Amino acid sequence: MDQPECTAGIIVIGDEILKGQTTDTNSHFLCTRLFSLGVRVKKVSIIGDDLDLIAKEVAEFSNKFTHVITSGGIGPTHDDLTFEGVARAFGEPLVPHPELIKLCQTFFGTDDLDSPKLKMAKIPQSSRLQYGISKTTGSKTKYPLVIVKNVYLFPGVPSILENAFVALEDLFKNDQAHFHTQELYVDRDEISIAGVLGEAEQLFLKRVVLGSYPDFNNSYYKVKLTLESESLEHVLELEKYLVKSLPEGSIVPYDPDPLLHSERVYSLLEKEDSPFVSSVAKAIEVIEESLNRYSLDEICVGFNGGKDCTAILHLYYAIAKKKYSNLNTKLKALYITSKSPFPEVEQFIQSSRDRYQLEMLHFDGRIQDSLSQMKKQYPEIKAVVMGTRKTDPWSAHLESFSMTDPDWPQYMRINPILDWSFRDVWEFLRSLCLPYCSLYDRGFTSLGSMNNTHPNPQLRYIDNRGIMRYKAAFLLADESEERNGRDRTI
Ligand SMILES: Cc1cc2nc3c(=O)[nH]c(=O)nc-3n(C[C@H](O)[C@H](O)[C@H](O)COP(=O)(O)OP(=O)(O)OC[C@H]3O[C@@H](n4cnc5c(N)ncnc54)[C@H](O)[C@@H]3O)c2cc1C
Ligand SMILES: [Co+2]
Ligand SMILES: [K+]
Ligand SMILES: [Mg+2]
C-alpha cells in the first residue's frame, strides 16, 4: 500500500544570509540528513528577521508538510523573532516556560524576566521541550529543542544546529521509506545524452527519480546522474537500462570522496607488478620512514598546487591517517607564493587546504628567504616533504633524504617521488580520482608563474568548429616534452 509521503519544509531565518554576509550551510546539512532519514524535503525558504514573514511562512509550511524545521532567530537580541513569529502563526501568546527559566538561570545567572537573557525562555504556549541524546557521549543534551505542533525550532549557528539535529534525528526518521540511491558518472555533455535520459525518464516514470547534474569543473566526468527510488530493484533496473543505452565507455568510474577512501593508496600495490607499482611502493616506503624519523609537528609538505605535490600531499595524508588511526592534528603545508601566481593555482591551494584541513605555513617572496623566516616562526619544523622529481632542473643528484644545500636554511628535504615519471604522477592522481589544479585540463603540463608558463604546444589541436584548443596534461604522449610550456630561462 502507498503510505502518505513523509515530507519536510525548511525555513532559514536571518537578514545576514539575505545580505550575503553569511553563507547558508544549514539547509544543505538538513536536506542531506533528512533525505537519508527517508524524509522528502519539498521546499527551502530563506527569509529575513521579519515577524510577519516568519508567521506567514511558518503557518503555510506547517499546513503543507509533515515536518517544518526553522533555523535561526532564537537568540537573545531584538532581531531574534522566531519564537514570536511561530506564536503568531498559530495565534498563541508567548509564555515564560519554568524549565527554560531554570536553564537560563544556570547559564546566565539571572531569573529576571525583563532581562534580554530571559527572552529565550518565553516560547509559544503550546510548545513542547525535547532533549536529545548525544551520539558521541550518550548523555542527554544540555539544552532542549523547542517544538510547536509540527515545527522544530533550531538555533542558527551551524555547529550547534548540526549537533542538536543529530542528537534528535530519530524524531524525523521515516521507517516506511528508505531511499535507494545510485550515482552514475558520465563523461559526455548533457546535450548528447539528453535523448537517452528522456526515454529512460518515460520508461521508469514514477518508479525511479532520475536526476542529471552537469559539472563543468570536474576533471573526471561531465554529468552526474542520480537514480533514486524506494525500490532497490527499480534502481538496479534503470541502471542496467542506462548502461545499455548510453554510448559505450561513457560511464566512468568515479570516487567522489578519495580522502575517505585514502587506504586505496595501499590497494594500488596489489595491482600487477609494473614500474608504476614500484614507484608507488617506493614513495610509501619513504614517507613511512619519514614518519618514523619525525613527528607530524616536525614535518610540512611543500605545496605549491602543482601536480607532483598534489600527489605527495595525498600520499602523506593517507599514510599519516593510517599510522595515527585517529588523525586529530592538522597536517602542515608550506606555501611560498611565487611571483604572479595563476588564480587557478591559488584557488586550488585554498580548496586543498579545506579538503585536507591543512595548517598553512604561508610565505611571500624568494624561497630561501621564506625558509629563513620559517626557521624563526616555526622552529619545530625540521623536514619538508617535496614533489621534486629527478627530471626537474638541478635535481638529478637528489636522494630520498637530502639536507638542503649548505648555503640554504637547513631542512631535511624528503623526496618520495624522485624516480616517478610524468605518467606515474598522472596514473596516481587519476586512478584515485584526486582533484588537481584545473590548468592541467587546459593543456598546462608544468606550472610556473603566469609570466613564464603557457599551455604545452604538444597538446594543441583544432576542434571540429575550427577553434584551437589544448588537450588535458595527462594525455601528453612524449613525456620529455613536459616542460615545453615553460620558458627556458628558469
Ligand atoms: C623546502 C625547499 C627547499 C629547497 N632547498 C633547496 C636547496 O637546498 N638547494 C637548491 O638549489 N634549491 C632548493 N630549493 C629550490 C628547488 O630546488 C626548486 O628550485 C624549486 O622548488 C622550483 O623547482 P621547480 O620549478 O622544479 O618546481 P616544482 O616542481 O614546482 O617544485 C618541486 C617541489 O618543491 C616544492 N615547492 C616548490 N615551490 C614551492 C612553493 N612555492 N611553496 C612550497 N613548496 C614548493 C613542492 O613540493 C614541489 O613539488 C628548495 C625549495 C623548497 C620548497
Ligand atoms: Co505501496
Ligand atoms: K539538470
Ligand atoms: Mg615539478
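Counting starts at 1 for both ligands and their atoms, following the listed order. Not measured: the values here are computed from a predicted model.
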Only counting residues at least two apart or in another chain, list the ones meeting side-chain hydrogen bond (donor to acceptor under 3.5 Å, both in side chains) with Thr77.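 Once residues adjacent in sequence are excluded, the partners of Thr77 under the side-chain hydrogen bond (donor to acceptor under 3.5 Å, both in side chains) criterion are Asp79, Asp80.
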For Glu346, all residues meeting side-chain hydrogen bond (donor to acceptor under 3.5 Å, both in side chains), sequence neighbours excluded: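 Listed in chain order: Tyr335.
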Arg389/Asp308 salt bridge by N-O under 4.0 Å criterion: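 Looking at Arg389 together with Asp308, the answer is yes, because their closest N to O distance falls below 4.0 Å.
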Taking Lys222 first and then Glu190, would you say they form a salt bridge - that is, a charged N and a carboxylate O separated by under 4.0 Å?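 Salt bridge between Lys222 and Glu190, a charged N being under 4.0 Å from a carboxylate O: no.
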When only distance counts, is [X] in polar contact with ligand 1, meaning an N/O pair under 3.5 Å?
X      : result
Asn304 : yes
Gly387 : yes
Ile336 : yes
Gly302 : yes

In ligand 1, which numbered atoms sit nearer than 4.0 Å to a non-hydrogen atom of [X]?
X      : value
Thr404 : 3 (C), 5 (N), 8 (O)
Arg486 : 25 (O)
Arg413 : 3 (C), 4 (C), 5 (N), 6 (C), 7 (C), 8 (O), 9 (N), 13 (C)
Leu334 : 42 (N), 43 (C), 44 (N)

Looking at non-hydrogen atoms alone, which of Tyr411, Phe363, Trp408 comes nearest to atom 4 (C) of ligand 1?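 Ranked by closest heavy atom to atom 4 (C) of ligand 1, first place is Trp408.
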Selected option - heavy-atom contact closest to atom 2 (C) of ligand 1, from Met412, Gln410, Met403, Met386: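 Minimum heavy-atom distance to atom 2 (C) of ligand 1 goes to Met386.
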Non-hydrogen atom of Phe303 closer than 4.0 Å to ligand 1: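 Right, Phe303 reaches ligand 1.
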Give a yes/no verdict on whether any heavy atom in Arg483 is under 4.0 Å from an atom of ligand 1.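 Yes; Arg483 lies near enough to ligand 1 that a heavy-atom distance drops under 4.0 Å.
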Check: Phe165 ring centroid to Phe172 ring centroid under 6.0 Å: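 Ring centres of Phe172 and Phe165 closer than 6.0 Å.
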Do the numbers put [X] on top of the ring of [Y], so that NZ or CZ is under 6.0 Å from the six-membered ring centre and no more than 45° off the axis?
X      : Y      : value
Arg430 : Phe474 : yes
Lys271 : Phe276 : no
Lys332 : Phe303 : no

If we only count heavy atoms from C-beta on, is the Phe363 to Met374 side-chain gap below 4.5 Å?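 Side-chain contact under 4.5 Å: yes.
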At under 4.0 Å between heavy atoms, is it the side chain or the backbone of Val301 that contacts ligand 1, or both, or neither?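 It is neither; nothing of Val301 touches ligand 1.
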